[in-house]
Asker: 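First the structure, then my questions, so here it is.
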Amino acid sequence: MSVLITDIRTIATAPQGINLLVVRIETNQPGLTGLGCATFAYRHLAVQCVVEQYLKPLLVGRSAEAIEELWQLMHQNAYWRNGPIENNAISGVDMALWDIKGKQAGLPLYQLFGGQVRTGVPVYRHAEGRDLAELTDSIARLREQGVGHIRCQSGGYGGGAFGPAPAGAPEQSRDGIYLDPRRYIRETVRLFDVLRERVGFDVELCHDVHERLHPTDAIRLAKLLEPHELFFLEDAIPLEQGDWLRRLREQTRTPLAQGELFNHPLEWRTLLTERLIDFIRVHPSQLGGITPTRKLQLVAETHGVRTAWHGPGDLSPVGHAANIHLDLVARNFGIQEWSGIEPPNGVIQEISGSGSALLEVFPGLPECRAGHVYPSDRPGLGVELNEAAAARHPCTAGITTWTQTRLPDGSLHTP
Ligand SMILES: O=C(O)[C@@H](O)[C@H](O)[C@H](O)CO
Ligand SMILES: [Mg+2]
């Protein structure tokens, strides 16, 4: 008997203070439901509207089994395609359909993709600090836990906290996160000089520029960091300046990672075919789910580009699980980001671990042990959602301040 979609709902919850959005699909088979990640933390109400007002009426009553057909139907239904709101909404449904497929088969999703090529997923974790002493402490703690890849940032992506303009800015400059690109470059190079002296080369180090440099400055930084043999330098230039990647590539041997902001295939296609990056950094919900991400992974494999799927705090555990299932089967796997959760108060909490609010809301979320993440062996994505617990952590829709980055002259810059 065919599995029919009977209901599509969204569940919004913020167990760690970050708005997460998950889609649940109900079917006509008793107990057979699926979960998908539709998290766009800073516009969750808009995604919720697309799912409940547009995708639900489009899909209820249809068979849940033809995932590719339903993906194309959703993708083409609004005529104008792509974009983070549309793609995250489609992702919620797409992942939930894959979750249902796995549960029907009685298999974890990685089995449906061909089976594991590795038993656990190596991850990189974030080491942060306001200064070098805090940062080296944080690195030492992660290394004690067995983490082999560490992203090192000092002073919040090269800027400080959100607040008033510093001395030297024009009069009446607005509040923001003020960033001085030249000082940031100097401090970052100095940071890695000291880190390599202290920790040596037996640990892989990454750094995220977070698009906060002009292209020529990014080239300078990438070249200055060459002696430190980074695992990768992330988002060295803004998405809108992608053509500069050719020049950056020609001039530096520092490996490049890019892509957490991509939502359109044209944003990544040339980067793969021309081998302009070494690691592709999208997260599946931003692309429209598992269906398009699996295709991207295979195109990247044929071009020798490795994956480093985006795994930030503003992604639901369902989305993290999707990353892990894809990682387990990918021949061109590079590394997986495993962020921990960074709530607005800046206190980093583990993404999993007994007693955490996140684990209570999302039982079965993948577990991180000694620098590797392991999925649950339950069928499908393997993550459940406790809706009663989710309701105890309501979302708030407010003004996002961390994206308000400013240059020393007070003008806005890419976040
Ligand atoms: O690579 C990262 O983890 C960061 O760029 C975050 O994804 C970004 O700040 C949005 O949460
Ligand atoms: Mg990033």
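All values below were derived from every heavy atom in this structure, side-chain atoms included, with hydrogens, water molecules and symmetry-related copies excluded. For reference, positions follow the sequence shown, starting with 1. Order of appearance sets the numbers: ligands from 1, and atoms from 1 within every ligand.
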Asker: Mind checking the NE2-CG spacing from His310 to Leu287? Nearest 0.5 Å is all I need.
Answerer: 12.0 Å
Asker: In the protein, what heavy atom is nearest to atom 3 (O) of ligand 1, and what distance, to one decimal place, separates them?
Answerer: Glu337 OE2, 2.4 Å
Asker: Purely on distance, is any nitrogen or oxygen of Tyr124 under 3.5 Å from one on ligand 1?
Answerer: no
Asker: With a cut-off of 4.0 Å, which atoms of ligand 1 are near a heavy atom of Glu234?
Answerer: 1 (O)
Asker: Around atom 7 (O) of ligand 1, find the nearest protein heavy atom and jot down its residue, atom name and distance.
Answerer: His310 NE2, 2.3 Å
Asker: Would you say ligand 1 has an N or O under 3.5 Å from any N or O of Trp402?
Answerer: no
Asker: Could you find the nearest protein heavy atom to atom 10 (C) of ligand 1 and give me its residue, atom name and distance?
Answerer: Asp314 OD2, 3.5 Å
Asker: With a cut-off of 4.0 Å, which atoms of ligand 1 are near a heavy atom of Pro312?
Answerer: 7 (O), 11 (O)
Asker: Testing Arg331, Lys295, Arg306 for salt bridge (charged side-chain N to carboxylate O under 4.0 Å, His left out) with Glu301, which one passes?
Answerer: Arg331
Asker: Using 30° and 60° as the class limits, which term best fits the ring planes of Phe279 and Phe232: parallel, tilted or perpendicular?
Answerer: tilted
Asker: Please work out which of the three classes, parallel, tilted or perpendicular, describes the rings of Phe192 and His207, given edges at 30° and 60°.
Answerer: perpendicular
Asker: Which atoms form the tightest heavy-atom contact between Leu179 and Gly159, and what is the distance?
Answerer: CD1-N, 4.0 Å
Asker: Looking only at protein heavy atoms, which one is nearest to atom 4 (C) of ligand 1, and how far off is it?
Answerer: Tyr157 OH, 3.1 Å
Asker: Looking at Phe231, Tyr124, Trp338, which hits ring-ring contact (aromatic ring centres under 6.0 Å, His included) with His149?
Answerer: Phe231
Asker: The Mg ion (ligand 2) is nearest to which N, O or S atom of Asp208?
Answerer: OD2
Asker: Just which atoms of ligand 1 are under 4.0 Å from any heavy atom in His210?
Answerer: 4 (C), 5 (O), 8 (C), 9 (O)
Asker: For ligand 1, note which part of Arg151 has a heavy atom under 4.0 Å away: side chain, backbone, both or neither.
Answerer: side chain
Asker: Specify the closest pair of heavy atoms between Ala41 and Asp314, including all atoms of both residues, with the distance to one decimal.
Answerer: CB-CB, 3.9 Å
Asker: What atoms of ligand 1 come within less than 4.0 Å of a heavy atom belonging to Asp208?
Answerer: 1 (O), 2 (C), 4 (C), 5 (O)
Asker: Work out the angle at the Mg ion (ligand 2) between OE2 of Glu234 and OE1 of Glu260, rounded to 10°.
Answerer: 90°
Asker: Return the minimal non-hydrogen interatomic distance between Met95 and Cys37, and the atom names on each side.
Answerer: SD-N, 3.4 Å
Asker: Do any nitrogen or oxygen atoms of Tyr42 lie less than 3.5 angstrom from nitrogen or oxygen atoms of ligand 1?
Answerer: no
Asker: side-chain hydrogen bond (donor to acceptor under 3.5 Å, both in side chains) between His75 and Asn87: does it pass, once the steps are laid out?
Answerer: CA-CA 8 Å; His75 183 59; Asn87 285 2; 4.9 Å; no
